[in-house]
Engineer: 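Sharing a structure here in structure tokens format.
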Amino acid sequence: MSIIKVNNLSKSFGGVKAVSHINMAIDGGEIIGIIGPNGAGKTTFFNLLTGIYSPTSGEVIYNLDKEVSSKSFKPHKMTGYGVARTFQNIRLFKNMSIIDNVLLGYHNNMSYGLLSSLFRLPSFYKNETKAYDEALKLLEIFNLLDKKDELASNLPYGEQRKVEIARALAAKPKLLLLDEPAAGMNPNETKELTTLINWIKDEFKLTIILIEHDMSLVMGICSKVFVFDYGTLIASGTPNEVQNNEQVIKAYLGGE
Amino acid sequence: AQSTSNVASNVPETIKVGLNYELSGGVATYGQSLTSGVELAVEEINKNGGVLGKQLELVKVDNKSDNAEAANVSSRLATRDKVVAILGAATSGNTKAASPAANENKVPLISASATADDVTVDSNGKVREYVFKTCFSDSFQGVTMANFAFNDLNLKNAAVLVDNTSDYSKGLAKNFKETFTKLGGNVLTEEAYQAKDTDYKAVLTNMKAKNPDVLYVPGYYEEVGLIVKQARELGLNVTVLGGDGYDSPKLLEIAGAEALNKVYYTNHYSSMDNAPDVVKFKEAFNAKYSKDADAFNALGYDLAYFLADALERAGVADSVKLKDALASTNGFKGITGTLSVDEFHNPVKAVTILQVVDGNPTFLKKLEP
Amino acid sequence: MKLFNKKNILSFLAVLIIYAIAGFFINTGFIDSYIFLNIVLIGINIILAVSLNLITGFTGQFSLGHAAFMSIGAYTAGILTAKLDQPFWIGIAGAALFASFAGIIIGIPTLRLKGDYLAIATLGFAEIVKIIGLNTEYIGGATGLNDIPRYTTWTWLYFCVVATVLFISNFVKSYKGRACIAIGEDEIAAEAMGVNTTYYKVLAFTLGAFFAGIAGALYANYFYFLKPDSFGFMKSIDILVIVVFGGMGSIKGSIAGAILLSVISLFLQGIPELRMVVYSLILFLIMVYRPQGIMGKSDFKFFKKRGVVNVYHQSK
Amino acid sequence: MLELQNLNVYYGAIHALRNVNLKINQGEIVTLIGANGAGKTTTLRTISGIEKAKTGKILYNGQGLDSYSASHIVKLGISHVPEGRRVFSTMSVFENLEMGAFTRNDKSQIKKDLENVFSLFPRLLERKDQYAGTLSGGEQQMLAIGRALLSRPKLLLLDEPSMGLAPIIVKEIFAIIKDINKNGTTILLVEQNANMALQCANRAYIIKNGEIDIEGDAKDLMNDENVKNAYLGG
Amino acid sequence: MHLGKLFLNASLNFDWGDKMEQLIQQFVNGVSLGSIYALIALGYTMVYGIIKLINFAHGDIYMIGAYIGFALTTFLHVGFFPALIISMLLCALLGVLIEKVAYKPVRNSTRIAALITAISVSLFLEYGMMYFVKAETRTFPELLPNKQISILNTNAVLDIKNLYIIFVTISLMLILQYIIYKTKVGKSMRAVSLDRDAAQLMGIDMNKTISYTFAIGSALAGAAGVLVGTYYNSINPLMGVVPGLKAFVAAVIGGIGIIPGAVLGGFFLGMTETMVSAFGGSLYKDAVAFAVLILVLLAKPNGLLGRNIKEKV
Ligand SMILES: Nc1ncnc2c1ncn2[C@@H]1O[C@H](COP(=O)(O)OP(=O)(O)OP(=O)(O)O)[C@@H](O)[C@H]1O
Ligand SMILES: Nc1ncnc2c1ncn2[C@@H]1O[C@H](COP(=O)(O)OP(=O)(O)OP(=O)(O)O)[C@@H](O)[C@H]1O
Ligand SMILES: [Mg+2]
Ligand SMILES: [Mg+2]
């Protein structure tokens, strides 16, 4: 059964049709790639999936825990629905430490009230300790444990991307959206990241949708790829199928 | 050289007097003016041999036109500087805020300009033992002007324009209205402005539409000058009445002589007065500060002499004795009039009504309390 | 990580010991009324600065209207204790409640306004509160509210300050506080991580106002006289100056800032004519040489100390 | 043409560049590659005068650049496409390009160059009047390069021009870089995409932890086993 | 009883001509007050637009401008226009100096630190000035013809001086708008305002651009000081506080950073205050003005002319 259904989704800004009439259905447990030329509407599509924009027409339906439609999307409700994301332009809390960035990911999984936080009742300690321990584990996975107290802004780009992914994982999503996770990484780092993403998917039992321009990453781990151009879907299929699609080569990959 | 410090402590002591005035902040003008007056008088007193054979030493502190700071300064003067009395503050509010520290430390606090009725008396009608004032209470000026307008000028339809940030202005207006209506006059409208406003045309246009024959505008010369000027520009040429806040050469400068025709106000004295003390004061003031004195300068000047007089009568520079001497003041003669202190620590003093003629405030009438 | 760890117990003892020693000095008159008055002022300023820090320093909501919350608290306490003859604790509770209610109201524009626009809206709110005060005869209007009983004692003052500092620092070190800080850093990212920014912004204003209201109550029942224009725009600026001077997002900084600025102000009393000129120069020099404030999170070392959660995690 | 001698740059306590020596000859494409945080961006920012070196010298045609402001350095013919695009977000695409020609006064020539940029990046022509801030990431990158070209630089500093771009555009951009170079512009290229960078460059420097680690002919480095393992993804 | 009296009054004096006239007069009052806010707001908004600094000292530069005008006309007997020009020049110089000494060192600090610096400059100017000239009010000599003209042959009048102010405000607005959008200096200002590093990489001299900004902004404040000083004819060291705040509010209402917005906001604020007074609310004039401000912002969070550009994520 598909966990995401996108029905005839469109979004325009003034005259620009950033996303237009997209239909797709995605099954759980996969890594899905979204590629397409610059300005094709990929990021906009993510923003529609996470409630940052509301569709001009059409609808997104999640079936992660329970069924929710994009009509009730609000950015802050998405983690509650099981959806977490990273941003194309890294959006870390720059003046917070790495560990605090990750701890923030646990926001929706904390369960103590205002009084507990003011008076430090036992539930405060219980929740915070648990979150803290889990956060440490996440940082360990990303090899960032020794930097846990550094300010996010002091980290190099590549590591900031990792922190962003760790923060998203902390929200315990079922669906993880990554917007160009390998941007600004050299081929070597990209290779590491590819392995990591694959591992994360299995470890956390996630569905991952990622936007990426680095074909080595896309071809390496995606089981299915959707290709956007001018807001529409021009192709979809396995990486191989897509790679050999005439239209895709012409619009996106470029010939040799 | 070793012994200088010893010698220094043996020189004849001075008598310390604290000044708790608004030298910065919103009402710095008034605080600074009062301070100038006090300083001139103290200079004269010291030149003439001081008080009780000692020189007066002023400890001047700024209360920033702020309640808490006024209390703070008051406490500092009483406990740290050990002054025999505190002069100030300029406004009623700051004086009230300064008074608990004065009472607590038993140091008299004397204001020359805190006109509110409840400065010296608390809400239960009990007098505040160490607090005195030397200026009229609001009720007095408001009532006097209402009587004068209704009976002497024969004006029946008043419009009132009040500074709603100023307790002084509100106090005068309230008493004026009560008396004026009691006498049978009509208060057609009451409008408000805020201190530091510069444009009054909207309210004046409203007032004009009501066709009053007199405007009562209790306030200070800075605003009143502009109000009168703008009223005339709008063709509102009726009589304007006010209080001692008008007394300043600036009023003429701002409004211009022509606009000031038909302006009357209550005051402590007439600066056109030819009484020798007044002339002497005006000349001395002009010599020291190269400008003409206004009411605040004169009140500050008198305040210092008032204190000196009480100190002499107390016989020693002791604040408790001084308090008693202040309370029993009877017929102190200052340039702003002769005053006695009543049981509520308020002054009993005559009020003068002045009329502005060709820009000059001219003596019209004096009313004994 | 427990409530009864060594550090917490030591802090608790320190709090009591400071209380007892200072109390002793005050009762014996060693600390005279002048010093005590300044201690009261410092205490009130600490509460104001720490509570504004929650709104502006931590949550990043630029407020120029903090004095309004204080004034609502002060008048509420004034009315309750002077006019209705209620005991002080009711005055304080009423002050805190009314002020936090105002906090909810002013919190609402924050849902739509950002940065300087929010600042000017809060400033406008504070002016409105002031003008309503000026025109309300029941509380004396421009004449002010007089003869408020002097209930603010060392005990009340001290424990109100301690409670404010404790609650606000507990709050910012909880996940709710972390959410507030995140909003200050990047609202969109915070939202994406599940933070209901609307709720937390209003919460920050409400909590901040709650404590500012308490500061108002202490003020009213110490200075015995209230006037609406004591709580004008400049008062709000004064509080903001303490916060920035101490360091945005640093509670210790706010405390240090309140103390230092009060002491500076005392020294400046001695030079009345140049007081404000010198004060402005001092402000300027500090902003140039330490723009992040005396305890600002300028560098890594400071941040580690401030580390939002780490403080107690390290002690576990 | 450009020579960095023993350059040391600090951010507060962080020692970002350590004794960096680097040389670019007239007409070359030189590439600077290295891991995240190695100091590539810092090198470029120091050349263009936004950061100031603590010690060391930058010589441009034999002339020391240290005392010049960033704006003056542009006038000397060094143009910098910064990391992260940095387009003027609430100016239109067209106005952004105009800003690129800020130091120039030859109106007709500017017009020609504008047309040239539009033919290089047709997408920019389509979006001519849109606010630059609402462009997609790739569109912004095109705009940033186009903007730099309009200052008619003698030396062009490019900071990760391929970041976030579609493969087809990346190819195009590298082709354009070569084109620009052929037309006489010397180029210093900072890239993560080391494969492509080395293919198009004459010489290369590899920077590691703020120090120049390896330098040499681009073709040689491409075949170097160490380099391959560390930077080219094996 | 009140109602009855009111009714009686109304029916006796019922005269549409009177009412109309009153309304016209209030409208004129609103425009004239608004023009003053607008004039001061222009410089405020321009400096804000370029360097995103709430220049709290703007009102105080306006005050200094007024004092320069006062000194020139009173002691040196300079005429109105020369005084205006000299005051603008000196204020421009002062503005540049303030920027170099005070704001430049905090350019890379947080905006709030810059704000506190601006407040310190403001206090310094106010109390430095007060130290030298004392707190008392000074009065300008009559420089401009003190003449009222009647509007549409009614008793409603307009002060000639107001025409000057309105004229100067509108022309300055147009000039500024031209400078910012059409000239090279203006373009460099906008570039600096958007991204300082990138602007420098275009060859823009950032320091020079910021200096120009302050020079122009402060010259505008100086002009306002002289004009408004002669209009109300009384000045004092704290005269800049309230108009500075009001001008800031006006600029925000219009959309801070937007030149025509400042003028619109100024007129809007002046008109609001006047109309509140006109309809009997003088006690609450400022409160209503601020309430309107908040309502405007709630409806248009970036001011009347501000465009709501959502951050692209
Ligand atoms: N807020 C907005 N206002 C106006 N236009 C927008 C806005 N957001 C996006 N667009 C336009 O919509 C189109 C799609 O943008 P989007 O960011 O989704 O592209 P993308 O596929 O993510 O490209 P890239 O790979 O370069 O990041 C672009 O042409 C962009 O200019
Ligand atoms: N403004 C700054 N303040 C403090 N440290 C900085 C600053 N900019 C860079 N650094 C530090 O200087 C070092 C070099 O950074 P630089 O940006 O030059 O690296 P880079 O090679 O361009 O990396 P990337 O590939 O991620 O762009 C890094 O450790 C970085 O954290
Ligand atoms: Mg994108
Ligand atoms: Mg870089």
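Here is the naming used below: chain letters follow the sequence lines, and residue numbers restart at 1 for every chain. Any value given below was found using the heavy atoms of this structure, including those in side chains, with hydrogens, waters and symmetry copies removed.
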Engineer: For A:K5, I'd like to know if atom NZ has over 12 heavy atoms of other residues, nucleotides or ligands within 6.0 Å.
Structural biologist: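 Counting other residues, nucleotides and ligands, NZ of A:K5 stays at 12 neighbours or fewer.
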Engineer: Roughly how far apart are C:R178 CZ and A:F93 CZ, rounded to 0.5 Å?
Structural biologist: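 These two atoms lie 11.0 Å from each other.
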Engineer: Indicate yes or no: at least one non-hydrogen side-chain atom of C:N170 is less than 4.5 angstrom from one of A:F124.
Structural biologist: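 C:N170 vs A:F124: side chains apart.
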Engineer: If you take all heavy atoms of C:N8 and A:Y125, which pair is closest and at what distance?
Structural biologist: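 Shortest heavy-atom contact: ND2-OH, 3.7 Å.
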Engineer: Among C:A189, C:A190, C:A192, which residue forms the greatest number of heavy-atom pairs with chain A at distances under 4.5 Å?
Structural biologist: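 With the most close heavy-atom pairs to chain A, the winner is C:A189.
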Engineer: For residues C:M193 and A:A168, report the shortest heavy-atom separation together with the two atoms involved.
Structural biologist: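 Minimum heavy-atom contact is CE-CA, 3.8 Å.
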Engineer: Got more than 12 heavy atoms from elsewhere within 6.0 Å of CZ, C:F159?
Structural biologist: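 Above 12, so yes.
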Engineer: Below 4.5 Å from any heavy atom of chain A, which atoms of C:Y199 appear? Answer side chain, backbone, both or neither.
Structural biologist: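 It is neither, since no heavy atom gets under 4.5 Å.
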Engineer: Between A:R91 and C:D186, what is the shortest heavy-atom contact and its length?
Structural biologist: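 In terms of heavy atoms, the two residues are closest at NH1-OD1, 2.8 Å.
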Engineer: Is it the backbone or the side chain of A:M78 that comes under 4.5 Å from a heavy atom of chain C, or both, or neither?
Structural biologist: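 For A:M78, there is no contact with chain C at all, as no heavy atom is under 4.5 Å.
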Engineer: Please assess A:N95 against C:I181 for the test side chain to side chain contact (heavy atoms under 4.5 Å, CB included), listing each intermediate value before the final yes or no.
Structural biologist: CA-CA 9 Å; A:N95 294 310; C:I181 300 170; over 6 Å; no
Engineer: Other residues, nucleotides and ligands only: do more than 12 of their heavy atoms fall within 6.0 Å of CZ on C:F101?
Structural biologist: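 No - once you tally the heavy atoms of other residues, nucleotides and ligands closer than 6.0 Å, there are 12 at most.
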Engineer: If you round to the nearest 0.5 Å, how far is NE2 of A:H107 from CG of C:N196?
Structural biologist: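 One gets 7.5 Å once the value is rounded to the nearest 0.5 Å.
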Engineer: Using a cut-off of 6.0 Å, state whether more than 12 heavy atoms not belonging to A:K172 lie near its atom NZ.
Structural biologist: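 Yes, the 6.0 Å shell around NZ holds more than 12 heavy atoms from other groups.
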Engineer: Are the aromatic rings of A:H76 and C:Y200 close, with centres under 6.0 Å apart?
Structural biologist: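 Judged by ring-centre distance (under 6.0 Å), A:H76 and C:Y200 do not meet the cut-off.
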Engineer: Might you confirm whether atom CG of A:N143 has over 12 heavy atoms from other residues, nucleotides or ligands at distances under 6.0 Å?
Structural biologist: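 Not more than 12 within 6.0 Å, no.
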Engineer: Looking only at heavy atoms, which two atoms of C:K176 and A:S117 are closest? And how far apart?
Structural biologist: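 Closest approach of C:K176 to A:S117, heavy atoms only: CD-OG, 4.1 Å.
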Engineer: With a sphere of 6.0 Å drawn around OH of A:Y81, does it hold more than 12 non-hydrogen atoms of other residues, nucleotides or ligands?
Structural biologist: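 Counting other residues, nucleotides and ligands, OH of A:Y81 exceeds 12 neighbours.
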Engineer: Taking atom CH2 as the centre, does A:W199 end up with more than 12 heavy-atom neighbours from other residues, nucleotides or ligands that are less than 6.0 angstrom away?
Structural biologist: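 Buried by this count: over 12 neighbours within 6.0 Å.
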Engineer: Of the backbone (N, CA, C, O) and the side chain (C-beta and beyond), which part of A:K94 lies under 4.5 Å from a heavy atom of chain C, both, or neither?
Structural biologist: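 A:K94 touches chain C through backbone and side-chain heavy atoms alike.
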Engineer: Given side chains that start at C-beta, do those of A:L114 and C:L203 come closer than 4.5 Å, heavy atoms only?
Structural biologist: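 Yes, at least one pair of side-chain atoms sits under 4.5 Å.
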Engineer: If you define the side chain from C-beta out and look only at heavy atoms, does anything of A:E128 sit under 4.5 Å from C:K173?
Structural biologist: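 No; the side chains remain at least 4.5 Å from each other.
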Engineer: Kindly say whether C:Y175 contributes a backbone atom to a donor-acceptor pair with the side chain of A:Y112 at under 3.5 angstrom?
Structural biologist: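 Answer holds: yes.
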Engineer: Tell me which of these, A:N108, A:L121, A:T50, has more heavy-atom pairs under 4.5 Å with chain C than the rest.
Structural biologist: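 Counting heavy-atom pairs under 4.5 Å, the top option is A:N108.
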